[in-house]
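Just the heavy atoms: all of them, side chains too, but no hydrogens, waters or symmetry mates, feed the values below. It should be emphasised that the depicted structure is a prediction, and the values quoted were computed from it without experimental measurement.
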Amino acid sequence: EVQLVESGGGLVQAGGSLRLSCAASGFIFDDYAIGWFRQAPGKEREGVACISNDDGMTNYADSVKGRFTIFSDNAKNTVYLQMNSLKPEDTAVYYCAADDRVGVLPLDFQWFPFADWGQGTQVTVSS
């Protein structure tokens with residue numbers, strides 16, 4: 001059974017940093033792509049970043065390029081999202097998702113129907 005557990009959310013001031021973690025179990029980590037998504041109240045879910053663990057390719061939403069970095073520790077079966085220069089508009093519940101259909105990932109991650117999802121972690125950025 002695929003399990004994804006997010007952690008690392010919290011309250012931070014604008015301009016600050018947070019690192020989110022997505023701990024994965026129940027599947028062959030190296031064969032999967034992992035995406036980070038977020039959803040703010042009253043808004044649609046937005047793809048933030050994605051990494052393919054088989055080749056290390058990454059992709060980002062334009063809104064976070066240059067501020068967020070996604071990376072994997074394959075030995076720990078964990079994907080991280082390093083978030084710097086945070087803005088109030090980054091406030092949302094952040095989710096990680098996993099899928100082994102890596103043919104079009106990470107390029108088309110924002111529209112891809114990821115099979116498995118974590119429960120989410122809240123990130124709040126105060127102005």
Side-chain angles (χ1 to χ4, degrees):
E1 179 187 2
V2 173
Q3 286 194 327
L4 302 167
V5 179
E6 302 95 335
S7 62
L11 174 64
V12 64
Q13 288 188 330
S17 298
L18 281 175
R19 178 178 290 185
L20 305 183
S21 300
C22 174
S25 61
F27 60 93
I28 301 174
F29 190 74
D30 291 3
D31 292 343
Y32 275 63
I34 306 292
W36 280 101
F37 294 79
R38 66 187 181 186
Q39 189 163 21
K43 294 188 177 181
E44 292 188 355
R45 188 175 64 200
E46 175 190 19
V48 175
C50 183
I51 185 168
S52 286
N53 287 332
D54 61 341
D55 60 11
M57 284 187 62
T58 60
N59 197 17
Y60 297 90
D62 288 343
S63 58
V64 306
K65 281 181 181 176
R67 300 189 298 122
F68 290 11
T69 302
I70 186 171
F71 60 99
S72 288
D73 184 337
N74 287 27
K76 294 183 178 180
N77 281 10
T78 300
V79 171
Y80 301 93
L81 185 68
Q82 177 67 43
M83 305 187 295
N84 299 330
S85 302
L86 282 161
K87 304 175 181 180
E89 52 263 45
D90 293 319
T91 296
V93 178
Y94 283 70
Y95 301 89
C96 65
D99 206 290
D100 64 350
R101 296 169 291 172
V102 298
V104 297
L105 296 172
L107 294 180
D108 292 332
F109 79 99
Q110 290 170 312
W111 302 277
F112 190 84
F114 280 80
D116 298 286
W117 293 80
Q119 83 289 348
T121 185
Q122 176 70 47
V123 171
T124 303
V125 184
S126 64
S127 57

Enumerate the residue pairs fulfilling disulfide (SG to SG under 2.5 Å) with a member in residues 24-60, sequence neighbours excluded, ordered by first and then second residue. none

Determine the sole option in W36, Y95, F37, F109 for which the ring pair (Phe, Tyr, Trp, His ring centres under 6.0 Å) test with F114 is passed. F37

Look at the side-chain heavy atoms of Ile, Leu, Val, Met, Phe, Trp and Tyr, link any pair under 4.5 Å apart, and say whether V93 and W117 land in one connected group. yes

Distance check, rounded to the nearest 0.5 Å: L86 atom CG versus Q13 atom CD? 11.5 Å

Any chance you could measure L18, atom CG, to N84, atom CG, to the nearest 0.5 Å? 9.5 Å

Quick one: closest heavy-atom pair of R67 and S85, and the distance? NH1-O, 3.0 Å

To the nearest 0.5 Å, how far apart are OG in S72 and CG in D30? 9.0 Å

Rounded to the nearest 0.5 Å, what separation is found between the CG atom of L4 and the OG1 atom of T78? 10.5 Å

Do V102 and D31 have side chains that approach each other closer than 4.5 Å (heavy atoms only, starting at C-beta)? no

Does the E6 side chain pair with the main chain of Q119, one donor and one acceptor, at a distance under 3.5 Å? yes

Given side chains that start at C-beta, do those of L20 and M83 come closer than 4.5 Å, heavy atoms only? yes

May I ask you to check whether over 12 heavy atoms, not counting those of L11, lie within 6.0 Å of atom CG? yes

Determine yes or no for a side-chain-to-main-chain donor-acceptor pair under 3.5 angstrom, with N77 supplying the side chain and F29 the backbone. no

Below 4.5 Å, heavy atoms only, C-beta onward: do S63 and R38 meet side chain to side chain? yes

Test salt bridge (Lys or Arg N to Asp or Glu O under 4.0 Å) applied to R101 - qualifying residues, sequence neighbours left out: D99

Can you pull the ring pair (Phe, Tyr, Trp, His ring centres under 6.0 Å) pairs that have at least one residue in residues 49-75, sequence neighbours excluded? F71-Y80

What pair of heavy atoms forms the shortest contact from Q110 to A61, and how long is it? NE2-CB, 3.4 Å

Approximate separation, where rounding is to 0.5 Å, of I70 CD1 and I34 CD1: 8.0 Å

Minimum heavy-atom distance A14-S127, with the two atoms named: CB-CA, 4.4 Å

Within the side chain of T121, is there an N or O that forms a donor-acceptor pair under 3.5 Å with the backbone of S7? no

Walk me through it: do Q122 and T91 pass the test side chain to side chain contact (heavy atoms under 4.5 Å, CB included)? CA-CA 8 Å; Q122 176 70 47; T91 296; 4.0 Å; yes

Taking the basic N atoms (NZ, or NE/NH1/NH2) and the acidic carboxylate oxygens, is any pair closer than 4.0 Å for K65 and D62? yes

E89 vs V125 side-chain heavy atoms within contact, under 4.5 Å: no

Membership question, hydrophobic clusters at under 4.5 Å side-chain separation (ILVMFWY): are L81 and Y32 in the same one? yes

Distance, nearest 0.5 Å, that separates CG of D54 from CG of D100: 10.5 Å

